[in-house]
Amino acid sequence: MKNYLTLSIIMLFLGLGFPQVNAQDAKVKSAKDLVEDAEYLINRRQFSAAKEKLTAAIKQKPKFVVAYRLLGVVNKYLYDFEGSVAAYEKLFELHPGLSRAAYYEAGEAFMKNYQYKKALGYFMLYKNSDARDYKTDEQTIQRGYDEMVDRQIKSCEYARGINFDEIVDEPENLGSSINSVGLEYLPTLTADGRWLIFTSEQASEDILVSRRKKDDTWTKAESIGNAINTPMNEGMAKFTVCGRTVYFSACAWENVKGGCDIYQAGFDTQNDFGVVDNVEPVKGVNSDRWDSQPAISCDGTTMYFTSSRDGGQGGTDIWISTLGADGIWNVPVNAGPTINSKGDEEAPYIAPDGVTLYFSSDGHPGLGEADIFRTVKEEAGWTTPMNLGQSINTPFREAGISISPEGDVAYYASARPGGIGGLDIYRVGLYREISPKIENVMLDGYIYDAQTKEPVAGVKVKVGKSGQKKITLTTDQDGRFFICLGNRASYSYITDKKGYQTFIGAEYFKRTKNEPTKRVEVFLTPTLGSVTEEPPVASTTPKTRIRKNLSVYFGSGKYELSEVQKEQIRKLITQFDEPEKIKIKITGFADDVGNKEFNLSLSEKRASIVAQFVEVLEVPRAQITYDGKGIVESNIPQHQKRRVEIIIVD
């Protein structure tokens, strides 16, 4: 995320030094010394202490204009916007010709206070004034303000027409299980609403996941795992609607083309595993610039993402790519000037209907900083982006949105006051005008062999309304197919697989609050060697899928198991009613940091520690084989080489 803190720039025009703060009592210091101390503290973001120094300086010297100038800045970062505007207005009363930039900053403070008419006046004063008429040389900071002032004016003109006394739903902070004193943003949910994934920025950006509990709260967020998260920055993750794939951004990995590239990984949410598999860069979309924040349409064929690549409209733009028949994404195209502005557009989210796009922007008129907007794809193109309004947006930063499977709740990030950290994740009810244009119901289908009860992969499934063109899907290795359909309609689904009888089913699908995703199970009867004469049937009884492999990732030079990894291994083994009868193969690997002998030994230690834990789970030692293979000869990132593979062989 961007850091909007401009303290180092602000300090340039004040011309003050950076002395060390000593233990001398503030009462015997001069007002000038107190202001210099405050400046030192501001540069270290110790705003409360700086405010005490500035208040003491003003008490000594009530007309000390530089102290008021700094107090306006300090109060802004303390979220005391009333104090900020009071300091600026006192500055202008005492010395209206000191600082042109202060008028812009006063406008920002009034915006944060929802006083858009006054903010507009100060922005206009800034725009129409000449820097040469002011005492302080502020050319550096004014260059940034000059780029933004027209956008701020348009936002004030837009916002002053809003009735902020109107009662709106109050967003609910998701609490300390999700949010921290750092930054949390870009949330997304699986189609069943059971999994939440988001980015958390503390020491670095990482991807965290959480599961919904029965009481509608969330489990304590955990790392998505060492297959993805590293000491570098990983984030901006989005689930596909079906929840089986996660797309994300990785920065500074060994095989990254630009500063950050877009990757994809399998994500097993069945039986609460939450296991990552098959991490790889997305083919066709990455450039030598910053590429991030991917979002995938429900059918998996269109990607929306953010990039700073050449050919855009402004700063960061939203780009669109479609999936080719060869499995490689086609050359991305810019979403165009209706969506992209001269500012920054970020955090796209495409609703399950495939036509309603949400995104964040600081270039379109809004309430302040970055707001969330909605646009709809029609035959003539994208509609003019609509600001989601005061139920979601504030004068502060909003970053990323995701809609619940029911379509009536938004999960999004906001820096509004009252949060736990900077950006926090909230949820709020959606009214119809800002909901996705088309109501959807998600069909989650599974196809099994009627005799063996095993999933059948490669089944062609045609789904659609009577008399209309059908959509053809293919079941995956778990016999699964997934599709988003228009709500409240009858659909047929027809199966086609060599060696099995054709099945034709038809149902009326209606999304409900408790069942936004409809699960359908079909058992196909083999046409050859069949024991039963019974026709294929549809079933509503959920099947338990057995996972037979797991990869466990380690830090550099490490071989200890974390509690999360132990829990994943435990889930793998306890799938089986009789774990003492299964056979397991465990293989350890290492990266190429260090010599071959060291890494061979390290890979063996990793395999051994996993084998010991599996034995604790009542798998007999005689049925566990393990060894270490040493260095992985591959161009995959180093952190993905440091792993142990567990395979249930029987």
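Heavy-atom basis, side chains included; hydrogens, waters and symmetry copies ignored.
The existence of a salt bridge linking Asp591 and Arg642 is confirmed by a sub-4.0 Å separation between a basic side-chain nitrogen and an acidic carboxylate oxygen. Salt bridge present: Glu105 and Arg69 bring a charged side-chain N and a carboxylate O closer than 4.0 Å. With salt bridges taken as basic N to acidic carboxylate O contacts below 4.0 Å, none links Arg211 and Glu222. At a threshold of 4.0 Å, the pair Asp317-Lys342 does not count as salt-bridged, since none of the basic side-chain nitrogens sits closer than that to a carboxylate oxygen. Asp371 and Arg397 are not joined by a salt bridge, as no carboxylate oxygen comes within less than 4.0 angstrom of a charged side-chain nitrogen.
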- [ ] Please report the C-alpha distance between Lys51 and Asp80 in whole Å, then the side-chain angles of each, then the deciding distance to 0.1 Å, and finally whether the salt bridge (charged side-chain N to carboxylate O under 4.0 Å, His left out) criterion is met.
- [x] CA-CA 11 Å; Lys51 184 173 182 176; Asp80 178 8; 3.1 Å; yes
Open item on the list: For Glu398 and Tyr412: C-alpha separation, side-chain torsions, deciding distance, then whether side chain to side chain contact (heavy atoms under 4.5 Å, CB included) applies.
Closed with: CA-CA 7 Å; Glu398 277 69 46; Tyr412 70 104; 4.0 Å; yes
Task: Verdict with supporting geometry, Tyr104 and Gln142, side chain to side chain donor-acceptor pair (under 3.5 Å) - done: CA-CA 9 Å; Tyr104 181 94; Gln142 285 181 30; over 6 Å; no
TODO: Begin with the C-alpha distance, continue with both residues' side-chain angles, and end with the deciding distance and a verdict on salt bridge (charged side-chain N to carboxylate O under 4.0 Å, His left out) for Asp277 and Arg244.
DONE: CA-CA 10 Å; Asp277 292 304; Arg244 288 291 183 87; over 6 Å; no
Open item on the list: Determine whether Ser223 and Asn229 satisfy the following criterion, side chain to side chain donor-acceptor pair (under 3.5 Å), listing intermediate values before the conclusion.
Closed with: CA-CA 7 Å; Ser223 168; Asn229 287 333; 2.8 Å; yes
- [ ] Show your working on ring-ring contact (aromatic ring centres under 6.0 Å, His included) between Phe396 and Phe81 and close with a plain yes or no.
- [x] CA-CA 12 Å; Phe396 304 87; Phe81 300 107; 5.4 Å; yes
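No option in Trp195, Phe267, Phe198 other than Phe267 meets the ring-ring contact (aromatic ring centres under 6.0 Å, His included) test with Phe239. Among Phe305, Trp253, Tyr247, the single residue meeting the ring-ring contact (aromatic ring centres under 6.0 Å, His included) criterion with Tyr263 is Trp253.
With hydrogens and angles left out, the side-chain atoms of Thr394 and Gln390 include no donor and acceptor closer than 3.5 Å. No donor-acceptor contact under 3.5 angstrom links the side chains of Ser200 and Asp206, judged on distance only.
At least one donor-acceptor pair closer than 3.5 Å links the side chain of Asn233 to the backbone N or O of Glu205. In this structure, Arg194 contributes its side chain and Thr190 its backbone to no donor-acceptor pair below 3.5 Å. Not a single donor-acceptor pair under 3.5 Å links the side chain of Lys220 to the backbone N or O of Ser210.
Within 6.0 Å of the NZ atom in Lys558, the count of heavy atoms belonging to other residues, nucleotides or ligands does not exceed 12.
Nearest heavy atoms, Gly72 versus Ala87: N-CB, 3.6 Å.
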